[in-house]
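Right, one structure below, let's go through it.
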Amino acid sequence: MDPRVVARLEALNAEFYDRVAADFSATRQSPWPGWHRVLERAGPVRSVLDVGCGNGRFAALLPDDVEYVGVDPCAALLAEVPPHHETLLGGWSERPWGTRTFDLVVAFGLTHHVASAARRRALISTLRAASHGRVAVTAWRFDPARAVGWDGVPAEALEDGDYFLGFGHGDAVRYCHLVSDAELEGWFDDVLDDFVSDGRDGASNRYCVGSGASSRSNGSIRRR
């Protein structure tokens, strides 16, 4: 994908979250059911990096003695993270956490906002580099019938699976990619857990858990 198109799509999403941050956060106060399974199977966790953390609600599931670092490019959402947690303003490609590594690195609700297959692979590499334990990501299984029109970039500049979605009853629009099962299955060379969860139908997100770059895999286990 042309870098200029990527930049325009990222700008669109930044505009979207700046506009709807308060309403968006209000609809996202409860933990996703799948998060419990991730934590149950992650082993001992003393530090967590939450990339694309939004309002930081994942932190509520963690014991008080776990170090939590939330990263998000939307300042308005970060402002809602409880003040006793560390927050870093920025996108995943900027790596605002520097060279630090964590027991568990998560990216929930992020992969669908990353434009181009190549950059999504780069995202996974970045997350793995930040972990000496486990990495957990989700792919949102949204219905393409919900897509709306947006003429900010030519249709031919987009990739298969790229859509634009609204929010509520306003006119704010965001870029989202419907990650295919084949693409997701290529993100990790060791899959420690693989399942679907969340939403009214229990299948709104597909989860994939793998090892961090500096950890050793104890074998590959696929579960649906």
Side-chain heavy-atom pair [X], [Y] within 4.5 angstrom cut-off:
| X | Y | result |
| --- | --- | --- |
| Y68 | D50 | yes |
| F58 | W32 | no |
| Y175 | F16 | no |
| F102 | V45 | no |
| V196 | S204 | no |
| L88 | V69 | yes |
| F164 | L158 | yes |
| V106 | V51 | no |

State, to 0.1 Å, how close [X] and [Y] come at their nearest heavy-atom pair, and which atoms those are.
| X | Y | answer |
| --- | --- | --- |
| V71 | G90 | CG1-O, 3.4 Å |
| S116 | M1 | CB-CB, 3.8 Å |
| G34 | Y207 | CA-OH, 3.4 Å |
| F188 | C208 | CD1-SG, 3.5 Å |
| Y163 | A147 | CD2-CB, 3.8 Å |
| V105 | S131 | CG2-CB, 3.6 Å |

### Task
Run through H113, R120, H112 and flag the one making a side-chain hydrogen bond (donor to acceptor under 3.5 Å, both in side chains) with H177.
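For H177, the side-chain hydrogen bond (donor to acceptor under 3.5 Å, both in side chains) test succeeds with only one of H113, R120, H112, which is R120.
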### Task
Show the numbers, then the answer: is there a side-chain contact (heavy atoms from CB on, under 4.5 Å) between R119 and E10?
CA-CA 12 Å; R119 293 184 73 254; E10 289 186 336; 2.7 Å; yes
### Task
Salt-bridge test for D198 and R206: reply yes if a basic N is under 4.0 Å from a carboxylate O, no otherwise.
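Salt bridge flag = no for R206 with D198.
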### Message
Strictly below 4.0 Å, N to O, side chains only: are R37 and D193 in salt-bridge contact?
### Response
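The answer is yes: the pair qualifies as a salt bridge.
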Hydrophobic cluster identity match, [X] and [Y], side-chain contacts under 4.5 Å:
| X | Y | answer |
| --- | --- | --- |
| V114 | L178 | no |
| V173 | L165 | no |
| V135 | V179 | yes |
| L184 | W140 | no |

What is the distance from atom [atom1] of [X] to atom [atom2] of [Y], rounded to the nearest 0.5 Å?
| X | Y | atom1 | atom2 | answer |
| --- | --- | --- | --- | --- |
| N13 | C74 | CG | SG | 11.0 Å |
| S47 | D65 | OG | CG | 11.0 Å |
| L78 | C53 | CG | SG | 5.0 Å |
| W35 | L61 | CH2 | CG | 7.0 Å |
| I124 | E183 | CD1 | CD | 9.0 Å |
| L110 | L123 | CG | CG | 5.5 Å |

Looking at [Y], is its backbone amide N or carbonyl O close enough to the side chain of [X] to form a donor-acceptor pair, meaning the two atoms are under 3.5 Å apart?
| X | Y | value |
| --- | --- | --- |
| T111 | A107 | no |
| T138 | G109 | yes |
| D162 | E159 | yes |
| E185 | A182 | no |
| R134 | D103 | no |
| D72 | G54 | yes |

### Task
Test R46 against E67 for salt bridge (Lys or Arg N to Asp or Glu O under 4.0 Å), laying out the working first.
CA-CA 6 Å; R46 297 174 299 278; E67 174 194 6; over 6 Å; no
### Stacked cation flag R174 on F167, 6.0 angstrom / 45 deg
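Relative to the ring axis of F167, which defines the angle, R174 lies outside at least one limit.
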### Query
Could you walk me through whether R95 and T126 pass the side chain to side chain donor-acceptor pair (under 3.5 Å) check?
CA-CA 8 Å; R95 306 187 189 196; T126 297; 3.2 Å; yes
### Message
Are there over 12 heavy-atom neighbours, none belonging to D143, within less than 6.0 Å of that residue's CG?
### Response
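Enclosed: over 12 neighbouring heavy atoms sit under 6.0 Å from CG of D143.
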### Message
Quick check on D201: does its CG atom have over 12 non-hydrogen neighbours (other residues, nucleotides or ligands) under 6.0 Å away?
### Response
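Yes, CG of D201 has more than 12 neighbouring heavy atoms, counting only those of other groups under 6.0 Å.
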### Query
Can you list the steps and then say if V137 with F108 is a side-chain contact (heavy atoms from CB on, under 4.5 Å)?
CA-CA 6 Å; V137 301; F108 299 135; over 6 Å; no
#### Entry: side-chain contact (heavy atoms from CB on, under 4.5 Å) between V191 and V209, worked out
CA-CA 6 Å; V191 177; V209 181; over 6 Å; no
### Query
After noting the C-alpha distance and the side-chain angles of L9 and W150, does the key distance pass the side-chain contact (heavy atoms from CB on, under 4.5 Å) rule?
CA-CA 11 Å; L9 297 175; W150 187 69; 4.1 Å; yes
